[in-house]
Amino acid sequence: MSNWLLKTEPGEFSFSDLLREKKATWNGVTNNLALKHLRSFKKGDVVFFYHTGNEKSIVGLAEVVSNPYPDPNLNDGKLVVIDIKPKRTFRRKVSLSEIKSKKEFTSFDLVKNSRLSVIPVSDIIAALLLQLSEQE
DNA sequence: GCCAACGTTGGC
DNA sequence: GCCAACGTTGGC
């Protein structure tokens, strides 16, 4: 099982949208590296849900509920999508500035490659993020 | 196949 | 609103 981070502009699609809709298809990814990561998704993987824009925070957890499959709305086998469902909202949002301020996260692509929208999260990073999300 | 010009993303 | 850091496009 792997952990991932998905970025979204909350004005386009937010975690509360996901909570309301119960399930969403993650489409629109065209960047090569992001697509490569997306193709590695597996049913049951954990997704950290990150809001860009004003928020710049990880706001909750989702779960991957499908393996990658070609976007049914497009005629291009390379452009894959996955389905996710909400898991839970973080007790406490974990902000980008907080992540940037800690040396444990210097290897994290969220910090290193700010333009990437589908980011692998190691077990170590995942555990640290969860720990931060539970802090008072 | 190189690279200049242009477009996009997202943090600041 | 700016711009750094990419990615993409198209002429050569």
Side-chain angles (χ1 to χ4, degrees):
Chain A
M1 194 193 73
S2 309
N3 316 286
W4 308 94
L5 182 143
L6 290 176
K7 269 189 194 172
T8 178
E9 170 60 48
E12 300 290 323
F13 186 81
S14 69
F15 195 65
S16 45
D17 291 330
L18 180 63
L19 287 168
R20 193 174 52 244
E21 294 174 18
K22 307 281 202 298
K23 187 178 168 179
T25 299
W26 207 258
N27 57 17
V29 175
T30 56
N31 174 276
N32 258 316
L33 182 55
L35 274 171
K36 186 183 159 201
H37 290 144
L38 204 60
R39 279 188 225 107
S40 307
F41 277 46
K42 291 268 162 25
K43 203 171 171 177
D45 282 356
V46 173
V47 168
F48 290 83
F49 205 96
Y50 178 85
H51 282 171
T52 60
N54 293 331
E55 262 189 272
K56 291 188 277 292
S57 302
I58 305 172
V59 295
L61 288 179
E63 181 182 337
V64 179
V65 292
S66 80
N67 286 327
Y69 58 97
D71 191 332
N73 298 315
L74 302 170
N75 195 13
D76 188 339
K78 282 183 183 169
L79 299 177
V80 299
V81 299
I82 47 110
D83 294 336
I84 60 173
K85 71 172 184 191
K87 218 166 170 181
R88 63 183 167 85
T89 306
F90 274 176
R91 180 208 305 249
R92 181 179 158 277
K93 294 179 190 174
V94 181
S95 72
L96 179 63
S97 59
E98 188 177 358
I99 290 169
K100 280 194 161 172
S101 73
K102 296 188 189 298
K103 66 175 188 317
E104 293 91 334
F105 294 112
T106 48
S107 68
F108 191 15
D109 271 350
L110 184 65
V111 176
K112 273 204 314 187
N113 189 355
S114 70
R115 290 187 52 189
L116 191 61
S117 61
V118 180
I119 296 174
V121 180
S122 72
D123 287 342
I124 295 168
I125 298 282
L128 286 168
L129 291 174
L130 288 175
Q131 197 180 313
L132 288 175
S133 78
E134 292 297 327
Q135 273 178 14
E136 294 301 327

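Numbered from 1 within each chain, the chains take letters A, B, ... in sequence-line order. A quick note: this is a predicted structure, and the numbers were derived from the prediction, not measured.
Atom CD of A:E55 is separated from atom P of B:dG11 by 11 Å (rounded to the nearest Å). Per the geometry, NZ belonging to A:K112 stands 18 Å off P belonging to B:dG10, to the nearest Å. The distance from atom CG of A:L96 to atom P of B:dT9 is 18 Å, rounded to the nearest whole Å. One atom, CG of A:N54, and another, P of B:dT9, lie 17 Å apart when rounded to the nearest Å. Atom CD1 in A:I58 sits roughly 15 Å away from atom P in B:dG10 (whole-Å rounding). The interatomic distance linking A:D109 (CG) with C:dA5 (P) rounds to 16 Å, in whole Å. Regarding A:L116, its CG atom lies at a distance of 12 Å from the C1' atom of C:dA5, rounded to whole Å. One can place CZ of A:F105 at 16 Å from P of B:dG11, the figure rounded to the nearest angstrom.
You'll find the side chain of A:P68 reaches within 4.5 Å of the side chain of A:I82, heavy atoms only. Side chains of A:I99 and A:V111 form a contact here, defined as non-hydrogen atoms less than 4.5 Å apart. Looking only at side-chain heavy atoms (C-beta outward), A:Y50 and A:F15 stay at 4.5 Å or farther from each other. Considering only heavy atoms from C-beta on, A:V47 stays 4.5 Å or farther from A:E63 through its side chain.
For B:dG10, the OP1/OP2 oxygens have no side-chain nitrogen or oxygen of A:K100 closer than 4.0 Å. Dashed line: the shortest gap from a side-chain N or O of A:Y50 to OP1 or OP2 of B:dG11 is under 4.0 Å.
If you check C:dT8, C:dG7, B:dG10 against the side chain of A:N31, the one that comes closest is C:dG7.
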